[in-house]
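Just so it is clear, the model here is predicted, and its values are computed rather than measured.
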Amino acid sequence: MMKFLMMMIFMIPLCFLKNSFWMIQMVMFIIMFMFMNLNMNILNFNNLSYMFGCDFISFGLILLSIWICVLMIMASENLMKVKFYEKFFLLNVIFLLIFLYLTFSTLNLFMFYLFFESSLIPTLMLIIGLGYQPERIQAGMYLLFYTMFASLPLLLGVMYMYKEMNCLMIYFLKFFNMNYFLLYFCMIMAFLVKMPMYFVHLWLPKAHVEAPVSGSMILAGVMLKLGGYGLLRVMIMLQEIGLKMNFIWVIISLVGSFYVSLKCFCQVDMKSLIAYSSVSHMGLVIGGIMTMNYWGYMGSYIMMISHGLCSSGMFCLANMNYERLNSRSLYINKGMMNFLPSMCLWWFLLLSSNMAAPPSLNLMSEISLINSLMSWSWLSMILLMLISFFSAGYSLYLYSFVQHGKYNMGVYSFYMGLSREYLILMLHWLPLNILIMKIDYSMIWF
């Protein structure tokens, strides 16, 4: 694991070379394919070096991080065209990738906390430094304070565990049973805010709306997954109290997902709609993890991977429209089928994946999560039906609003889709729908 970290660190000087924009992207592709070919043992931590190692959960999420970072650079070509701090942007992306890689691969709980928090800083810089509207400062503050407020108790919880157990290795957590209410609350609250759970989700739509396309992609693609990853890791030692208390989070998440799905129909900003749909999907992930059964863990893990690819692709699409029309309003982005017929196909493919149509990974994860929540309580069936129905509803609403209708007469100059844009969309959509062939890897690793 250390060799990949070194490769990423040695990419930092490349940022300062002249015309290194695409070179960095190519180097990231190389790292990606090298990492993909690691020998993975599905059951245990392996590739151990110093205090880093990965098991199957880490492996999938690190791959996702590298992939999304590559596509972020590809989607932000505009920065290079107008020479807008592109070296700063590349440096930021590399630092973000390093922090995410360290978060997912570290074996020490304190180090995990450290890198979990550090990844906030490059994201904040992306939003405040490269965002579009003046409200981005407020969005950055929301992001910072929501996350920091919930994270301090997590640090105290980690310190307390070290005092009790004299060991913070994630692998050894399964041998301990911490049946304390306060510790339980401290350990999971930070992750629930990061997911985000309904009630503490307000920072997310704000951050998405103000962020540039790269900021939105990394937020939707990987940052929300940090919360799910943390929950998967710490729930192991909180099993006993989890069985007593988890119903609270399941109920909040399911009702919240339903409510947020309804809220999607009220949005007039494309990015805002996609951001709220993220909250709705993450509610299902929290529900799956909190049922603490096999199907729930499987489903939430696959949902994290699939949502990362799908949501990131949809933010790319929204940005492609924004670059042409300089607006994200649904009232102005109408009748796009007349201008970009090929892009229309990609809107359809990604939105159909978003509503969990086969053969996407989303379908597999939703089946798994529905299984797990139904076995937990048959009453959850009512909310699950509504959430699934409305997720199809708002996906169709977005698609039909953007593609059909009478186009805006203000659109007097226009350029067609570039091959780079179609390549980005294909690189989001292909893994999302091809990985289903290898679903056995994700379903049988316990």
*Asks:* Without swapping roles, check the side chain of Lys194 against the backbone of Ala150 for a donor-acceptor pair under 3.5 Å.
*Replies:* no
*Asks:* Between His281 and His307, how do the two ring planes meet: parallel, tilted or perpendicular, split at 30° and 60°?
*Replies:* tilted
*Asks:* In Å, rounded to the nearest 0.5 Å, how long is the span from CE of Met80 to CZ of Phe89?
*Replies:* 11.5 Å
*Asks:* Using only atom types and a distance under 3.5 Å, with no angle test, would you say the side chain of Asn293 pairs donor to acceptor with the backbone of Trp376?
*Replies:* no
*Asks:* To the closest 0.5 Å, what do you measure between OH (Tyr113) and OG1 (Thr106)?
*Replies:* 14.5 Å
*Asks:* Considering non-hydrogen atoms only, spot the tightest contact between Leu107 and Gly53 and give its length.
*Replies:* CG-N, 4.0 Å
*Asks:* So, the side chain of Tyr394 versus the backbone of Tyr276: is there a donor-acceptor pair under 3.5 Å, distance only?
*Replies:* no
*Asks:* Phe59 and Phe104: ring pair (Phe, Tyr, Trp, His ring centres under 6.0 Å), yes or no, with the steps?
*Replies:* CA-CA 8 Å; Phe59 182 70; Phe104 290 132; over 10 Å; no
*Asks:* Just by distance, do the side chain of Ser119 and the backbone of Leu96 share a donor-acceptor pair under 3.5 Å?
*Replies:* no
*Asks:* Does Tyr399 have more than 12 heavy atoms from other residues, nucleotides or ligands lying within 6.0 Å of its OH?
*Replies:* yes
*Asks:* Using a 6.0 Å cut-off, check whether atom OH of Tyr85 has over 12 heavy atoms from anything other than its own residue.
*Replies:* no
*Asks:* Using modelled atom types only, decide if a donor and an acceptor are shared between the side chain of Asn47 and the backbone of Met40 within a distance under 3.5 Å.
*Replies:* no
*Asks:* Is the backbone of Ser372 close enough, under 3.5 Å, to the side chain of Ser375 for a donor and an acceptor to pair up by distance?
*Replies:* yes
*Asks:* So, Ser352 side chain and Leu349 main chain: donor-acceptor pair closer than 3.5 Å or not?
*Replies:* yes
*Asks:* Any side-chain heavy atom of Leu432 sitting closer than 4.5 Å to one from Asn362?
*Replies:* yes
*Asks:* Keeping Ser20 on the side-chain end and Phe16 on the backbone end, is there a donor-acceptor pair under 3.5 Å?
*Replies:* no
*Asks:* Under the side chain to side chain contact (heavy atoms under 4.5 Å, CB included) criterion, do Leu361 and Ile439 qualify, and how do the steps go?
*Replies:* CA-CA 8 Å; Leu361 276 179; Ile439 200 70; 3.4 Å; yes
*Asks:* Using modelled atom types only, decide if a donor and an acceptor are shared between the side chain of Arg328 and the backbone of Asn319 within a distance under 3.5 Å.
*Replies:* no
*Asks:* Once rounded to the nearest 0.5 Å, what's the spacing between atom CD1 of Ile387 and atom CG of Leu284?
*Replies:* 5.0 Å
*Asks:* Taking side chain as C-beta onward, heavy atoms only, is Ser388 less than 4.5 Å from Ile370?
*Replies:* yes
*Asks:* Please report the closest heavy-atom contact between Ala190 and Phe116, naming both atoms and the distance.
*Replies:* O-CZ, 4.3 Å
*Asks:* Would a 4.5 Å heavy-atom cut-off, applied to side chains only, mark Met36 and Trp67 as touching?
*Replies:* no
*Asks:* Take Met223 and Thr147 through the side chain to side chain contact (heavy atoms under 4.5 Å, CB included) test and state the conclusion after the steps.
*Replies:* CA-CA 11 Å; Met223 301 300 279; Thr147 318; over 6 Å; no
*Asks:* Quick one: pull up CG in Leu345 and CG in Leu340 and give me the separation to the nearest 0.5 Å.
*Replies:* 12.0 Å
*Asks:* Please evaluate residues Ser442 and Phe56 with respect to the criterion side chain to side chain contact (heavy atoms under 4.5 Å, CB included), reporting the C-alpha separation (whole Å), side-chain torsions for both, the decisive distance (0.1 Å), and the verdict.
*Replies:* CA-CA 8 Å; Ser442 307; Phe56 199 76; 4.2 Å; yes
*Asks:* Look at the aromatic rings of Tyr171 and Phe175 and report parallel, tilted or perpendicular, splitting at 30° and 60°.
*Replies:* perpendicular
*Asks:* Ser49 side chain to Met2 main-chain N or O, any donor-acceptor pair under 3.5 Å?
*Replies:* yes
*Asks:* Determine, step by step, whether Ser395 and Met314 satisfy the side chain to side chain contact (heavy atoms under 4.5 Å, CB included) criterion, reporting the C-alpha distance in whole Å, the side-chain angles of both residues, the deciding distance to 0.1 Å, and the verdict.
*Replies:* CA-CA 11 Å; Ser395 300; Met314 277 157 46; over 6 Å; no
*Asks:* Would you sort out whether Tyr162 and Phe110 count as a ring pair (Phe, Tyr, Trp, His ring centres under 6.0 Å), showing the intermediate values?
*Replies:* CA-CA 9 Å; Tyr162 185 63; Phe110 175 73; 9.1 Å; no
*Asks:* What I'd like to find out is whether the side chain of Tyr180 reaches to under 4.5 Å of the side chain of Glu240, using heavy atoms alone.
*Replies:* no
*Asks:* For Met165, I'd like to know if atom CE has over 12 heavy atoms of other residues, nucleotides or ligands within 6.0 Å.
*Replies:* yes
*Asks:* Would you say CE of Met148 has more than 12 non-hydrogen atoms from neighbouring residues, nucleotides or ligands within 6.0 angstrom?
*Replies:* no
*Asks:* Is the shortest heavy-atom distance from the side chain of Ser342 to the side chain of Met416 under 4.5 Å?
*Replies:* no
*Asks:* Would you call the rings of Phe112 and Phe191 parallel, tilted or perpendicular, taking 30° and 60° as the class edges?
*Replies:* tilted
*Asks:* Would a 4.5 Å heavy-atom cut-off, applied to side chains only, mark Met304 and Ser365 as touching?
*Replies:* no
*Asks:* Can you measure from CE (Met8) to CE (Met28) and round to the nearest 0.5 angstrom?
*Replies:* 8.0 Å
*Asks:* For the residue pair Leu219 and Ala207, what are the closest heavy atoms and their distance?
*Replies:* CD1-CB, 3.8 Å
*Asks:* Answer yes or no: does atom CG of Leu48 have more than 12 heavy-atom neighbours from other residues, nucleotides or ligands under 6.0 Å?
*Replies:* yes
*Asks:* Just how far is it from atom CG of Leu152 to atom CD of Glu117, taken to the nearest 0.5 Å?
*Replies:* 9.0 Å
*Asks:* Do other residues, nucleotides or ligands put more than 12 heavy atoms under 6.0 Å from the CZ atom of Phe29?
*Replies:* yes
*Asks:* Heavy atoms only: give me the nearest Ser214-Leu126 pair and the separation to one decimal.
*Replies:* OG-CD2, 4.0 Å
*Asks:* Would a 4.5 Å heavy-atom cut-off, applied to side chains only, mark His208 and Ile274 as touching?
*Replies:* no
*Asks:* Do the non-hydrogen side-chain atoms of Met343 and Leu425 ever get within less than 4.5 Å of each other?
*Replies:* yes
*Asks:* When you compare the side chains of Tyr132 and Arg136, does any donor N or O come within less than 3.5 Å of an acceptor on the partner?
*Replies:* no
*Asks:* Should the ring pair Tyr184 and Trp249 be called parallel, tilted or perpendicular, given that the plane angle runs from 0 to 90° and is split at 30 and 60?
*Replies:* tilted
*Asks:* Please report the closest heavy-atom contact between Leu130 and Phe84, naming both atoms and the distance.
*Replies:* CD2-CE2, 3.5 Å
*Asks:* Do you know the tightest heavy-atom contact between Met292 and Gln239?
*Replies:* CE-O, 3.3 Å
